[in-house]
Amino acid sequence: MTAEIRLFPCLSDNYGYLIHDPVTKATASIDAPEAAPIIKALQHEGWTLTDILVTHHHADHVGGIAELKARYNCRVVAPHDQKAAIAGVDVRVKEGDTVNVGSLAARVLETPGHTLDHVSYVFDAEHAVFCADTLFSIGCGRVFEGTYPMMWASLLKLRALPDATRIYCGHEYTAANIKFALTVDADNAALKARAAEVARLRAANAPTIPTLIGEEKRTNVFLRADDAAVAAGLGLAGKSAAEVFGELRERKNRF
Ligand SMILES: [Zn+2]
């Protein structure tokens, strides 16, 4: 039996996620933006929260931990603290560790850049990655604590996952990301097709997530900073991929 994954909005533009193991009934929340919608989703399914897998320390990812832990006595798994402490943690994880949610297994990828502590959880058997604020559909997270080469290296780790991997990211930013992407990647037919699909989905108030690694490799310019055509389009022919990535990220910051 394969895992069941539920996605629901939290706060203004975050996504909450539950992953449920039908064999053992274990259920993990990926991050905890706020407790109420997570509790509501659990009650709707008749599931009990056993684990919270934390990706990074930002308040819109950890704000619900205390209330959920008090209510469910669940285990809290989180990366090692770097710039800011994460409270209520039971297990600390690092690159290469495996986290079990019942009979499901998640591999920990360190994906720093947005924050220094940022990790992603890869459920290989489920073809799913929870990458929070590292990789978005048609975009990537802001680089607050790390460096551009660090963030580029993190994106390369995610890009190396199989094309059929479903990407569950931390926010619904796709439509805004596409507006920017069309300013630097306007001739990309796959991007234009995705733009039309996203416009349809958002008009119906439907999520644009999950997306797929293979789809993002074609449409997300932030994953193509090592493409000579992207560098040339930015006037950066011959520059390193990390420099091209940095220029893309800075243009997006100013957009
Ligand atoms: Zn964040």
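Whatever order the structure lists ligands and atoms in, that order sets their numbers, starting from 1. One-based numbering along the sequence shown. All values below were derived from every heavy atom in this structure, side-chain atoms included, with hydrogens, water molecules and symmetry-related copies excluded.
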Taken by chain and residue number, the protein N/O/S atoms under 2.8 Å from the Zn ion (ligand 1) read His56 NE2, His58 ND1, His114 NE2, Asp133 OD2
Evaluate the side-chain proximity of Leu49 to Arg71: yes if any heavy-atom separation is below 4.5 Å, no if none is. no
Can you give the donor-acceptor pairs under 3.5 Å from side chains of residues 142-153 to other protein atoms, not counting sequence neighbours?
from: Glu145; atom 1: OE1; to: Leu116; atom 2: N; distance (Å): 2.8
from: Glu145; atom 1: OE2; to: His57; atom 2: NE2; distance (Å): 2.7
from: Thr147; atom 1: OG1; to: Met150; atom 2: N; distance (Å): 3.2
from: Tyr148; atom 1: OH; to: Glu250; atom 2: OE2; distance (Å): 3.3

Could you tell me whether the side chains of Asp117 and His56 share a donor-acceptor contact shorter than 3.5 Å? no
Please determine, by modelled atom types, if Thr115 and Gln82 share a side-chain donor-acceptor pair under 3.5 angstrom. no
If we ignore angles and hydrogens, is there a donor and acceptor under 3.5 Å between the side chains of Thr174 and Thr208? yes
His20 and Thr27: side chain donor to acceptor below 3.5 Å: yes
